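Reading through the structure tokens given below for one structure.
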Number of protein chains: 2
Amino acid sequence: MMSEKSYTVGRLAADTGIKAVTIRYYEKIGLLPKASRSESGYRLYSEADYSRLLFIRRSRGLGFSLDDIRELLSLADRQQDSCAGVDAKVEQQLEQVRSRLKDLRAMEQELERLSACCDGGAIMDCRIVETLSGEAAHNRRAKCS
Amino acid sequence: MMSEKSYTVGRLAADTGIKAVTIRYYEKIGLLPKASRSESGYRLYSEADYSRLLFIRRSRGLGFSLDDIRELLSLADRQQDSCAGVDAKVEQQLEQVRSRLKDLRAMEQELERLSACCDGGAIMDCRIVETLSGEAAHNRRAKCS
DNA sequence: ACTAAGGGTTATAGTAACTATAAGGTCAAT
DNA sequence: ATTGACCTTATAGTTACTATAACCCTTAGT
């Protein structure tokens, strides 16, 4: 007797913080099911779609790829199965994040070192340029920390 | 009287650790100058090309984009100019890296928290799935640290 | 001289996760 | 009726490569 409330794509976008274009894109790649349509052809979304989108958004926030999320969603859909698969994916993602952290920390250190190297002279005397050019650490005591 | 030694693309690749395809790609997008050619059409590279490639590789290692590197190279080429531009770019990159670090650290924390949540039951009881589904922190004392 | 392996050459398409653009249809309000 | 804000589609661009195909060159071995 009462129809469920439905969202247009723009409404869903506003409510979830995911842009309308992106929502359509998710539909196109099959991450979201095809939305039902109004008479005039507008997409109409249900509460279930809304939840699914939130799931996607949270997962993206944790750095999962869309392919990972596709898997997560299908794992999460099998309510009575073990959650070992989900747990494994979280673990895997954690490792990946840590590995990227390691790389970035190394970059940060090196950039800090370089940054401390510059004393504002000309390019030809610039330690930064020297370092980037590959004349690795030889005598950088003089001007660098 | 003596011609400089020159590298083929594969040799340069082996020496710099940048793949031959990538070297050709760098030439195509103008990051490397057009290489001279042997009679049969093979690319021939000089020491200068070698240095330039090393510069690119080190900069990539610091997370600079190819566009940034293009700028860095052109800055570095003006030997008598001030190195302020280079310094600024390093500073900028440092900021970017730090911002990405911040994001990743947040992801790491949240993933750690999630990972600790799983007690190996069924999906329908899984705290991870619950959390991802957006039912934010309500009563997670029970099973989560 | 012939051949096969291991170089090199080009052009084109695919990757991830969108973003931008164009060209148009719909809806609510004035 | 017209404006403005929404919706629709399709296509191309982004980053930094990687993969593929189809072909040419060089060199070592028989």
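Predicted, not measured: the structure shown is a model, and the values here were computed from it. Letters go in sequence order (proteins before strands), and every chain restarts at 1.
- Note on L44(A) and Y26(A): separate hydrophobic clusters, where clusters join Ile, Leu, Val, Met, Phe, Trp and Tyr whose side-chain heavy atoms are under 4.5 Å apart, directly or indirectly.
- Taking 4.0 angstrom as the limit, S40(B) places a side-chain polar atom (N or O) nearer than this to OP1 or OP2 of dT26(D).
- At dT15(D), none of the side-chain N or O atoms of S65(B) fall inside 4.0 Å of OP1 or OP2 (strictly under the cut-off).
- Straight-line distance from the CG atom of D67(B) to the C1' atom of dA16(D): 11 Å, rounded to whole Å.
- The backbone N or O of F64(B) lies less than 3.5 Å from a partner atom in the side chain of R60(B), making a donor-acceptor pair.
- Between R52(B) and P33(B) there is a side-chain heavy-atom pair separated by less than 4.5 Å.
- Atom pair Y7(A):OH and dC6(D):C1' shows a separation of 18 Å (rounding to whole Å applied).
- A salt bridge is absent between E27(B) and K34(B): the closest approach of a Lys/Arg side-chain nitrogen to an acidic carboxylate oxygen does not fall below 4.0 angstrom.
- Judged purely by atom type and a 3.5 angstrom limit, T16(A) uses its side chain to pair as donor or acceptor with the backbone of L12(A).
- Sorted by residue number, the members of residues 12-33 of chain B with any non-hydrogen atom under 4.0 Å from DNA chain C read R24(B), K28(B).
- Atom pair R43(A):CZ and dC7(D):P shows a separation of 10 Å (rounding to whole Å applied).
- In terms of phosphate contacts, R60(B) brings no side-chain nitrogen or oxygen within less than 4.0 Å of OP1 or OP2 of dT15(D).
- Where E39(B) and F64(B) each meet DNA chain D at their nearest nucleotide, the meeting point lying more 5' is that of F64(B).
- As judged by a 4.0 angstrom heavy-atom cut-off over every strand, S38(B) is placed among residues making no nucleic acid contact.
- I23(A) approaches Y45(A) most closely through the heavy-atom pair CG2-OH, 3.5 Å.
- Closest approach of L54(A) and S133(B) over heavy atoms only: CB-O, 4.4 Å.
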Counting only pairs under 3.5 Å, give me each side-chain donor-acceptor contact of residues 93-104 of chain A, with atom names and distances, residues two or more places apart or in other chains.
unit_1: Q93(A); atom_1: NE2; unit_2: L62(A); atom_2: O; d: 3.1
unit_1: Q93(A); atom_1: NE2; unit_2: G63(A); atom_2: O; d: 3.1
unit_1: R98(A); atom_1: NE; unit_2: E108(B); atom_2: OE2; d: 3.1
unit_1: R98(A); atom_1: NH2; unit_2: E112(B); atom_2: OE2; d: 2.6

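- Between the R58(B) side chain and the T131(A) main chain, a donor and an acceptor come within less than 3.5 Å of each other.
- On the nucleic acid side, DNA chain C has its first and last nucleotide under 4.0 Å of a heavy atom of chain B at dG7(C) to dT12(C), going 5' to 3'.
- Between R37(A) and the phosphate of dC7(D), there is no side-chain N or O to OP1/OP2 separation shorter than 4.0 Å.
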